[in-house]
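Notes to accompany the following structure.
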2 protein chains.
Amino acid sequence: MGQSSRFPLAVHVLVALSFRPKDFISSDSLSGTVHTNPVVVRRVVASLRRAGFVISQPGVAGGVRLAKLARRISLLDVYRAVGRGELFRMHNPNRACPIGKRIPAALAEFLPKAERAFERSLAGVAIEDVARKVWPAFFATK
Amino acid sequence: MGQSSRFPLAVHVLVALSFRPKDFISSDSLSGTVHTNPVVVRRVVASLRRAGFVISQPGVAGGVRLAKLARRISLLDVYRAVGRGELFRMHNPNRACPIGKRIPAALAEFLPKAERAFERSLAGVAIEDVARKVWPAFFATK
DNA sequence: TAGATTCGTAACCTCGGTAGTTGCAGTTCG
DNA sequence: CGAACTGCAACTACCGAGGTTACGAATCTA
């Protein structure tokens, strides 16, 4: 990803919400845990809301809560919701050159395979799995 | 990778060099195929040289050539030589918060697995494999 | 109803990384 | 010596991300 810290931040937020699934948590509280600005949290939450993972509510006692079970949200879901999609950025080869002309197709033969391997791995982990590592006692009685 | 186009550019250069393994090719010619500035090419080549994949020679009739067989250079080798290493960038959770304190370790449990799956896939492809897709006839007699 | 609280979003600044460009010293060959 | 290269430093332009402020809209409570 070169990239941005939005994905770990989104996972952090979802894990935090998973410990109080019935309550609306304010972006101000969340910004405390993730150690950043409330607006930055709301920007990430906006992506998660568009993806249907959380519901937010304005007004006093408003905030954010999970819209589905933590067990049903995979890290790949989150990655796609907040990420930029492409793992590789292409350059712009010279199409007039016989080599340059065929480079894009040749790379398209191999790079997506690596991307899919990456995504399969993320798809096998749910937010709940991360939450279990963070606070094992929360799941002790289940 | 959020990223940069240095990796596809490096692969492009190595594939081009693989078709004339005995000749020194100037960064000026290479900049034609990859469709960019000679200095940008030399910057990428500098990483490849430090990694031991190419040898460059100054002076008239100078340039760059492969230092090892295209079959012996994997896409993972190239990725590591020109890339930034980390696929994920961490945020900075609040260590004073019981959740924030444990998030890094929890993520470290799962994200490296995805990274390794990605790398294993790249490790299985060599520059020569890409070159075969680009110019099959070059390998027809082999 | 008034006021407090919270969200959503736009606007702006800053910072870091990348590509593109120029310039120049050093190397090699004819 | 001069031409054709590399290697590298320096500078600019640009883009995306994070941080911040601001404001309208929604919601609850006194």
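The structure displayed is predicted, hence computed values, not measured ones. No hydrogens, no waters, no symmetry mates; every other heavy atom, side chains included, goes into these values. Below, chains carry the letters A, B, ... as their sequence lines are ordered, and counting in each starts from 1.
- Atom CZ of B:R6 and atom P of C:dG20 are 12 Å apart (whole Å).
- The A:S27 side chain lies nearest to C:dC7 when the options are C:dT9, C:dC7, C:dC29.
- Here the shortest heavy-atom pairing between A:A51 and A:A81 reads CB-CB, 3.8 Å.
- Contact of the B:S74 side chain with the B:D77 side chain is registered, since non-hydrogen atoms from C-beta on lie closer than 4.5 Å.
- At least one side-chain nitrogen or oxygen of B:N37 sits closer than 4.0 Å to the OP1 or OP2 atom of C:dT21.
- Of the listed nucleotides (C:dT27, C:dT9, C:dG20), C:dT9 has the atom at the smallest distance from the side chain of A:R49.
- Listed by chain and number, the residues in a salt bridge (charged side-chain N to carboxylate O under 4.0 Å, His left out) with B:D28 amount to none (sequence neighbours excluded).
- In this structure, CZ of A:R42 is placed 7 Å from C1' of C:dT6, rounded to the nearest angstrom.
- Each of B:G63 and A:T36 has a nearest nucleotide on DNA chain D; the 5'-most of these lies closest to B:G63.
- When the side chain to side chain donor-acceptor pair (under 3.5 Å) test is applied to B:R116, no partner is found at least two apart in sequence or on another chain.
- On the nucleic acid side, DNA chain D contacts chain B at distances under 4.0 Å to non-hydrogen atoms, with the end points of that region at D:dA3 to D:dA10.
- Put simply, the residue from B:L14, B:L9, B:V15 that forms a side-chain contact (heavy atoms from CB on, under 4.5 Å) with B:V11 is B:V15.
- In this structure, A:I55 belongs to a hydrophobic cluster whose other members, linked by side-chain heavy atoms under 4.5 Å apart, are A:F24.
- Comparing A:L9 and A:P58, the nucleotide of DNA chain D nearest to each residue sits closer to the 5' end for A:L9.
- The nearest whole Å value for the distance from the CG atom in A:L48 to the P atom in C:dG8 is 11 Å.
- Side-chain atoms of B:K133 never come within 3.5 Å of backbone atoms of B:D129 as a donor-acceptor pair (strictly under, hydrogens ignored).
- Remark: A:S56 is not in phosphate contact with C:dT6, judged by side-chain N or O atoms under 4.0 Å from OP1 or OP2.
- Grouped by direct or indirect side-chain proximity (heavy atoms under 4.5 Å, Ile/Leu/Val/Met/Phe/Trp/Tyr only), A:V39 sits alone.
- Test A:S26, A:S27, A:S31 against A:S29 for side chain to side chain donor-acceptor pair (under 3.5 Å) and you get one pass: A:S26.
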Write down the protein N/O and nucleotide N/O pairs, taken from nucleotides 11-15 of chain C, whose separation is under 3.5 Å; answer none if there are no such pairs.
residue : atom : partner : partner atom : Å
C:dA11  : N6   : A:R43   : NH1          : 3.4

